Visitor: 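This is the structure I have questions about; it appears just below.
Note that the coordinates shown come from a computational prediction; the quantities given were computed from them, not determined experimentally. All values below were derived from every heavy atom in this structure, side-chain atoms included, with hydrogens, water molecules and symmetry-related copies excluded.
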Amino acid sequence: MYTKCGEPNKAIAVYDHMIGNNITPNEITYINILSAISNLGPTALEKGKQIHQHITQHKLDTDVILLNSLIQMYTKCGEPNKSIELYDQMIANNITPTEITFTNILSAISNLGPTALEKGKQIHQRENIYTNKSHNANSTQT
């Protein structure tokens, strides 16, 4: 709620209070706190990295929605290469990207400038593969 009301620092304070009182956050909490971190940008990168470690420790790093939030957070905090690394890990672990994944990762690539053209082409090809698989699966169900 604090994040949506433009108070990302208060959201982080609530998260820190939870952690300090041994309350384990769930996926929704992590998604919201990553949004708060994203809103703060590069000044909150270290906090974002800590939260990423917590997500990994709680074995939630296979949740595509959380991964999308992490990709977005790293991009907005000025670490597009980390976003690309997470995306590549998703693919390597057979986690199917969503439309949001592609939007977030293309944003990360755009922050790398013209040198990232080849990576953008690779991701565009993957997007077509996943889009076609999804479209074909939906066509056979009707």
Side-chain angles (χ1 to χ4, degrees), residues 1-113 116-142:
M1 180 172 95
Y2 284 119
T3 302
K4 291 185 188 227
C5 292
E7 299 281 353
N9 287 316
K10 287 185 180 178
I12 292 169
V14 170
Y15 173 83
D16 287 341
H17 179 77
M18 289 176 66
I19 297 299
N21 287 293
N22 295 319
I23 300 169
T24 303
N26 63 17
E27 291 91 337
I28 302 300
T29 304
Y30 282 122
I31 290 166
N32 284 301
I33 197 65
L34 288 169
S35 179
I37 299 294
S38 294
N39 289 340
L40 291 171
T43 60
L45 178 60
E46 288 308 311
K47 186 66 170 180
K49 288 179 179 180
Q50 290 172 4
I51 293 166
H52 186 181
Q53 287 177 340
H54 291 170
I55 290 168
T56 301
Q57 288 169 352
H58 293 291
K59 303 197 183 319
L60 298 173
D61 55 351
T62 59
D63 182 292
V64 71
I65 297 170
L66 267 175
L67 288 167
N68 287 340
S69 295
L70 283 165
I71 289 169
Q72 180 181 44
M73 183 272 297
Y74 279 113
T75 299
K76 288 189 172 186
C77 288
E79 293 283 335
N81 286 318
K82 182 64 177 176
S83 297
I84 294 167
E85 180 184 315
L86 283 171
Y87 173 78
D88 289 341
Q89 288 174 2
M90 284 178 66
I91 300 304
N93 291 324
N94 293 318
I95 299 170
T96 303
T98 66
E99 291 85 3
I100 293 169
T101 310
F102 290 117
T103 300
N104 289 339
I105 199 63
L106 291 174
S107 176
I109 289 170
S110 72
N111 286 319
L112 294 174
L117 180 61
E118 194 57 41
K119 187 66 175 179
K121 286 179 181 179
Q122 290 172 359
I123 289 172
H124 189 268
Q125 288 174 334
R126 284 185 192 150
E127 179 182 6
N128 286 337
I129 291 168
Y130 287 109
T131 302
N132 289 337
K133 281 183 183 178
S134 174
H135 177 71
N136 290 339
N138 289 336
S139 296
T140 57
Q141 292 176 355
T142 56

Visitor: Among all residues two or more places apart in sequence or in another chain, which pass the side chain to side chain donor-acceptor pair (under 3.5 Å) test with N26?
Guide: T29

Visitor: Tell me the ring pair (Phe, Tyr, Trp, His ring centres under 6.0 Å) pairs involving residues 7-47, sequence neighbours left out?
Guide: none

Visitor: Rounded to the nearest 0.5 Å, what separation is found between the CD1 atom of I28 and the CG atom of L66?
Guide: 8.5 Å

Visitor: If a pair satisfies side-chain hydrogen bond (donor to acceptor under 3.5 Å, both in side chains) and one of its residues is in residues 60-69, list it, with sequence neighbours excluded.
Guide: N68-T98, N68-T101

Visitor: To the nearest 0.5 angstrom, please state how far the CD1 atom of I95 sits from the CG atom of L86.
Guide: 10.0 Å

Visitor: Taking atom CG of N104 and atom CD1 of I109, what is their separation to the nearest 0.5 Å?
Guide: 11.5 Å

Visitor: Would a 4.5 Å heavy-atom cut-off, applied to side chains only, mark I31 and S35 as touching?
Guide: no

Visitor: For K49, check salt bridge (charged side-chain N to carboxylate O under 4.0 Å, His left out) against everything at least two apart and list the hits.
Guide: E46

Visitor: Which donor-acceptor pairs under 3.5 Å do the side chains of residues 71-84 make with protein atoms, sequence neighbours left out?
Guide:
| residue | atom | partner | partner atom | Å |
| --- | --- | --- | --- | --- |
| Y74 | OH | H52 | ND1 | 2.8 |
| T75 | OG1 | I71 | O | 2.9 |
| T75 | OG1 | S83 | OG | 2.8 |
| K82 | NZ | E85 | OE2 | 3.1 |
| S83 | OG | I71 | O | 2.8 |
| S83 | OG | T75 | N | 3.1 |

Visitor: Using the side-chain contact (heavy atoms from CB on, under 4.5 Å) criterion, which residues pair with A11? Sequence neighbours excluded.
Guide: Y2, T3, I33, A36

Visitor: Can you name the nearest heavy-atom pair linking L40 to A44, along with the distance?
Guide: CB-CB, 3.7 Å

Visitor: Is V64 close to I100 at the side-chain level, that is, under 4.5 Å between some pair of heavy atoms?
Guide: no

Visitor: Once rounded to the nearest 0.5 Å, what's the spacing between atom CG of N93 and atom CG of D88?
Guide: 11.0 Å

Visitor: Could you tell me whether the side chain of T24 reaches within less than 4.5 Å of the side chain of H58, counting heavy atoms only?
Guide: yes

Visitor: Drop me the distance from K47's NZ to Q50's CD, to the nearest 0.5 angstrom.
Guide: 5.0 Å

